[in-house]
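Working notes, structure below.
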Amino acid sequence: MANDKIIRQVWEVLETRRDSPIDSYTSKIMQDSDKKAEDKILEKIAEEAGEVLIASKNDENLVYESVDLIFHTMLLLVYKGVDIDELFEEFERRRK
Ligand SMILES: N=c1c2ncn([C@@H]3O[C@H](COP(=O)(O)OP(=O)(O)OP(=O)(O)O)[C@@H](O)[C@H]3O)c2ncn1[C@@H]1O[C@H](COP(=O)(O)O)[C@@H](O)[C@H]1O
């Protein structure tokens with residue numbers, strides 16, 4: 001079984017890509033001039049949300065497309081400086 005620590009690990013890689021940019025997809029998208037970077041990530045999220053919708057309706061590639069959406073949402077949160085623990089704490093807060 002895959003380990004759920006992967007989310008934290010990917011989050012940490014994204015923080016490193018933000019703070020110590022290299023020639024990579026996530027560094028490049030986050031290094032774009034401020035406003036453009038945010039817009040590009042938001043565009044990606046909208047695009048991936050549409051792909052999730054199609055995947056669900058067609059019963060095809062739903063997990064794959066959902067990971068694309070979750071990944072780009074993580075990228076936005078890292079770009080905006082959100083700490084991963086804020087995310088987990090919010091889930092905890094809502095737990096019944
Ligand atoms: N999980 C991902 C991940 N998921 C998707 N992508 C990239 O996001 C980009 C856009 O995704 P798309 O689905 O739109 O792919 P596409 O090729 O444009 O086209 P489609 O055919 O899917 O429409 C592609 O270049 C994907 O490779 C990712 N890029 C990176 N990661 C993780 O982020 C870390 C840092 O990535 P780098 O910046 O590349 O080092 C990596 O170690 C990975 O763990």
Side-chain angles (χ1 to χ4, degrees):
M1 192 170 100
N3 193 321
D4 56 11
K5 287 194 174 64
I6 188 68
I7 297 284
R8 202 176 273 276
Q9 286 167 355
V10 172
W11 195 284
E12 282 167 12
V13 174
L14 295 179
E15 287 175 332
T16 305
R17 295 287 186 266
R18 181 194 63 201
D19 299 339
S20 310
I22 60 166
D23 183 15
S24 84
Y25 173 71
T26 62
S27 277
K28 277 195 204 147
I29 203 165
M30 287 192 279
Q31 287 311 303
D32 233 310
S33 69
D34 259 7
K35 186 74 178 88
K36 211 169 144 200
E38 183 170 358
D39 286 353
K40 276 191 171 176
I41 300 170
L42 291 171
E43 265 174 35
K44 248 359 239 182
I45 290 173
E47 180 190 313
E48 302 301 349
E51 287 176 11
V52 167
L53 189 152
I54 292 164
S56 179
K57 288 290 184 183
N58 293 340
D59 276 326
E60 203 174 82
N61 303 326
L62 182 57
V63 170
Y64 183 92
E65 298 300 351
S66 297
V67 171
D68 272 347
L69 177 59
I70 293 165
F71 169 72
H72 283 90
T73 304
M74 287 167 59
L75 186 57
L76 176 71
L77 294 172
V78 169
Y79 174 72
K80 297 292 275 187
V82 173
D83 190 291
I84 192 169
D85 288 324
E86 290 180 58
L87 202 67
F88 292 141
E89 282 159 19
E90 184 60 25
F91 273 111
E92 285 287 347
R93 198 184 62 77
R94 295 179 188 194
R95 195 143 180 254
K96 294 178 180 151

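Predicted model, so just to flag it, every value in this text is computed and none were measured.
If you take CZ on Phe91 and CG on Leu87, they are separated by 5.5 Å, rounding to the nearest 0.5 Å. Atom CD1 of residue Ile54 and atom CD of residue Glu60 lie 11.0 Å apart, to the nearest 0.5 angstrom. To the nearest 0.5 Å, atom CD of residue Glu92 and atom CG of residue Asp85 are 11.0 Å apart. Between Lys5 atom NZ and Glu12 atom CD the span is 11.5 Å, to the nearest 0.5 Å. Expressed to the nearest 0.5 Å, how far CD of Glu89 lies from CD1 of Ile84 amounts to 11.0 Å. With values rounded to the nearest 0.5 angstrom, Glu51 atom CD is found 13.5 Å from Ser56 atom OG.
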Candidate pair Arg94 and Glu90, rule salt bridge (charged side-chain N to carboxylate O under 4.0 Å, His left out), full reasoning = CA-CA 6 Å; Arg94 295 179 188 194; Glu90 184 60 25; 3.1 Å; yes

Give the C-alpha distance, both sets of side-chain angles, the deciding distance and a yes or no for salt bridge (charged side-chain N to carboxylate O under 4.0 Å, His left out) between Lys44 and Glu47.
-> CA-CA 5 Å; Lys44 248 359 239 182; Glu47 180 190 313; 3.1 Å; yes

Going through the checks in order, is the side-chain contact (heavy atoms from CB on, under 4.5 Å) test met by Ile22 and Gln31?
-> CA-CA 10 Å; Ile22 60 166; Gln31 287 311 303; over 6 Å; no

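Here the shortest heavy-atom pairing between Ser27 and Pro21 reads OG-CA, 3.4 Å. Considering all non-hydrogen atoms of both residues, Met30 and Ala37 come closest at O-CB, 4.0 Å. A pairwise comparison of heavy atoms in Leu69 and Ala49 identifies CD1-N, 3.8 Å as the closest pair.
Ile45 and Val82 end up in the same hydrophobic cluster when Ile, Leu, Val, Met, Phe, Trp and Tyr side chains are linked at under 4.5 Å. Clustering ILVMFWY residues whenever any of their side-chain heavy atoms sit less than 4.5 angstrom apart, transitively, puts Ile6 in the very cluster that holds Leu14. Follow the hydrophobic side-chain contacts under 4.5 Å out from Val67 and you never reach Leu75; the two are in separate clusters.
Each of Leu76, Leu77, Ile70 was evaluated against Met74; a single residue qualifies, Ile70, per the side chain to side chain contact (heavy atoms under 4.5 Å, CB included) test.
Side-chain atoms of Arg18 come within 3.5 Å of backbone N or O of Val78 as a donor-acceptor pair.
Shown here is Phe88, whose CZ atom has more than 12 heavy atoms of other residues, nucleotides or ligands within 6.0 Å. The 12-atom threshold is exceeded at OH of Tyr25, counting heavy atoms of other residues, nucleotides or ligands nearer than 6.0 Å.
For the pair Ile29 and Ile41, the minimum side-chain heavy-atom distance is below 4.5 Å. By the 4.5 Å heavy-atom criterion applied to side chains, Lys80 and Glu38 are counted as neighbours. Counting heavy atoms from C-beta outward, Thr26 and Phe71 have side chains that approach closer than 4.5 Å. Looking only at side-chain heavy atoms (C-beta outward), Asp39 and Asp32 stay at 4.5 Å or farther from each other.
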